[in-house]
Every structure is written in C-alpha cells, then in structure tokens.
Amino acid sequence: MTESDLHGKRAVITGGASGIGLACARELASRGAHVVIADLNEQAAQDAASDLGGEAWVVDLSDTRALDELRLDADILVNNAGIQRVAPIVEFDPEAFRLIQRIMVEAPFLLIRAVLPGMYARGWGRIVNISSAHGLRASAFKSAYVTAKHALEGLSKVTALEGAEHGVTSNCVNPAYVRTPLVEKQIADQAAVHGIPESEVVEKIMLTETAVKRLVEPEEVASLVGWLVGPHSGMTTGASYTIDGGWTAR
Ligand SMILES: NC(=O)c1ccc[n+]([C@@H]2O[C@H](COP(=O)([O-])OP(=O)(O)OC[C@H]3O[C@@H](n4cnc5c(N)ncnc54)[C@H](O)[C@@H]3O)[C@@H](O)[C@H]2O)c1
C-alpha cells in the first residue's frame, strides 16, 4: 500500500471526532483521502477536521427523519458513531433503547441509502460498519447495544449482496473493548450493575472473555479499516472481521 493510495477519495466517518472514528479518520487522511468528520460534537469535529485537512459535518444522527432524503457524496463510508447504555432489561429505559436503534441501525441504513447511488454511478465504493464483538455475541445488561449491533451485521451483508455488481463492498469490523471515551464512560455503570468496585471492571468484566488480556487500541481497529478500503479488498465483502483477542474463538 502506498501512502497516497486513497488520493482523490472522499471518506465520511461518522463519530469521527473521538475514539475509533478519529483513529479511522487519521488513517484514511494519512493515505491521502479527503475526510469528512460527521459528528454531534461540533468543536471536536472541527478540531479533527482542521488537524486532518478535511471537513466537519455537524450532524445529530439520532434525528433520523432528517436523513430520509439525504444524498451523500463519498467513495468510502465508515458507519462508526455509537453510544452505550448498561441496565437490566426490566429497568432499561425504552427511550434509550429507541435512541440506540436510531443512531446505530437507522442512521447507518439511511447513510448507506444516501451514498450508494454515487458509488454505483462511479462503479466503486467501500462501506465499513464498526460493529463489535457484541454483533456476534451477547452480554447481559446490554440489550439495546447487542440488538443494534446484530442488526448492523444484517444490514452490512445485504449491502454487500446489492453492491457487488456495482463495485461496492460492505464489511463489519468487530472489536472487543477498545481504549476510548465510550468504554471509560461505562465503567461506573458496569460497576453498579455487577456490584463490584470500578477498579475491577476492566479485569473482571471487560477482559473475561478475551484470551489476550488487554484493551484493543483504536489504531488497531483503524488499521483493519484501512485495509478494507485499500487496493486488495475487492473480493472481501459481506464479512465480519474480529479484533477481539480471541473472545469469539470460544
Ligand atoms: N470502545 C469500545 O470498546 C468499542 C468496542 C466495539 C465496538 N465499538 C463501537 O465503535 C464505535 C465508536 O465507539 P468509540 O468507543 O470510539 O466511542 P466514542 O464515544 O469515543 O466516540 C463516539 C463518537 O460518536 C459521536 N456520536 C455519538 N452520538 C452521536 C449522534 N447522535 N450523532 C453523531 N455523532 C454521535 C460522539 O460525539 C463521538 O465523537 C461505536 O459504534 C461503538 O459501538 C466500540
């Protein structure tokens, strides 16, 4: 892969202002892509865009009706924005469940729907959906998140089948726990629902299933995303690639 293999490509990364999305934006920009940081956090999106010579698209992806008629011009779409809520089903706030489905299922569908016509016209496109080990496995207390990630897996596969004849691939990337603000924010909630001190959450909850006993780094996820949009990825579609330290080998 050359440093400029994505030169001339336009890449939209949702949730690109933080964590995994920001690492993906850095990876794609370093390879020559023009990056569009689509994020709710205006200041962080603008900072990332100016750092990377790209542009910010300040958007609330939970407002899915506003995306119904969207047309999106991009060669690469990384559906990454996401949030987490941790609670038993019987206590799970129905609005929080719906919010997670809107941001993590409806918005990816609407963005894929908006970006495909241009990709089809150009005969080339790469869609990468940041799923999770929780797209393939369940954990207690994460009903909304596990439901959304399993749905994203299905959406990605259908996109792969429809896009194939147009040069468009669609794949999922499935990390275990990654060192990002999203994980830091859930440590207190995990401690409460499991009845353990916050200091024990990483070891006793987050690393129990992985054979490699450490968090994933955002750059490790971005590196795989980079490969999935690169020059040797044309036959790779409809698949789900784990970066989970062996979690799903069990
Ligand atoms: N961190 C992990 O352990 C982990 C593991 C597996 C999968 N993932 C997935 O990776 C993705 C990114 O997670 P992260 O850990 O980097 O999170 P993060 O909290 O660091 O970043 C998420 C970004 O999404 C943005 N965002 C949130 N709601 C939005 C909305 N309504 N509209 C637009 N933007 C919005 C936030 O502003 C933020 O910049 C998520 O889909 C998450 O489910 C994370």
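One-based numbering, in listed order, for ligands and for the atoms of each. The figures that follow rest on heavy atoms only: side chains count, while hydrogens, waters and symmetry mates do not. FYI, the numbering just counts along the sequence from 1.
An N or O contact shorter than 3.5 Å is missing between V183 and ligand 1 by distance. For ligand 1, the polar-atom distance check finds an N/O of I20 within less than 3.5 Å of one of the ligand's N/O atoms. For ligand 1, none of its N or O atoms has an N or O atom of Y177 under 3.5 Å away. For a threshold of 3.5 Å applied to N or O pairs, the pair formed by I103 and ligand 1 contains no separation below that value. Taking any N or O of Y145, backbone or side chain, at least one lies under 3.5 Å from an N or O belonging to ligand 1. Remark: ligand 1 and A133 share no N or O pair separated by less than 3.5 Å (distance only, no angle test).
Evaluation of the ring pair (Phe, Tyr, Trp, His ring centres under 6.0 Å) test over residues 34-80, restricted to residues two or more places apart or in two chains, returns none.
Partners of A87 under the side chain to side chain contact (heavy atoms under 4.5 Å, CB included) rule, at least two apart in sequence or in another chain, are F92.
A heavy-atom separation below 4.0 Å is not found between Q84 and ligand 1. By the 4.0 Å heavy-atom criterion, S131 is counted among the residues contacting ligand 1.
Residues R126 and S233 bring a donor and an acceptor atom of their side chains to less than 3.5 Å of each other.
Atoms of ligand 1 lying under 4.0 Å from any heavy atom of G19, numbered from 1 in the order shown and given with element: 16 (O), 20 (O).
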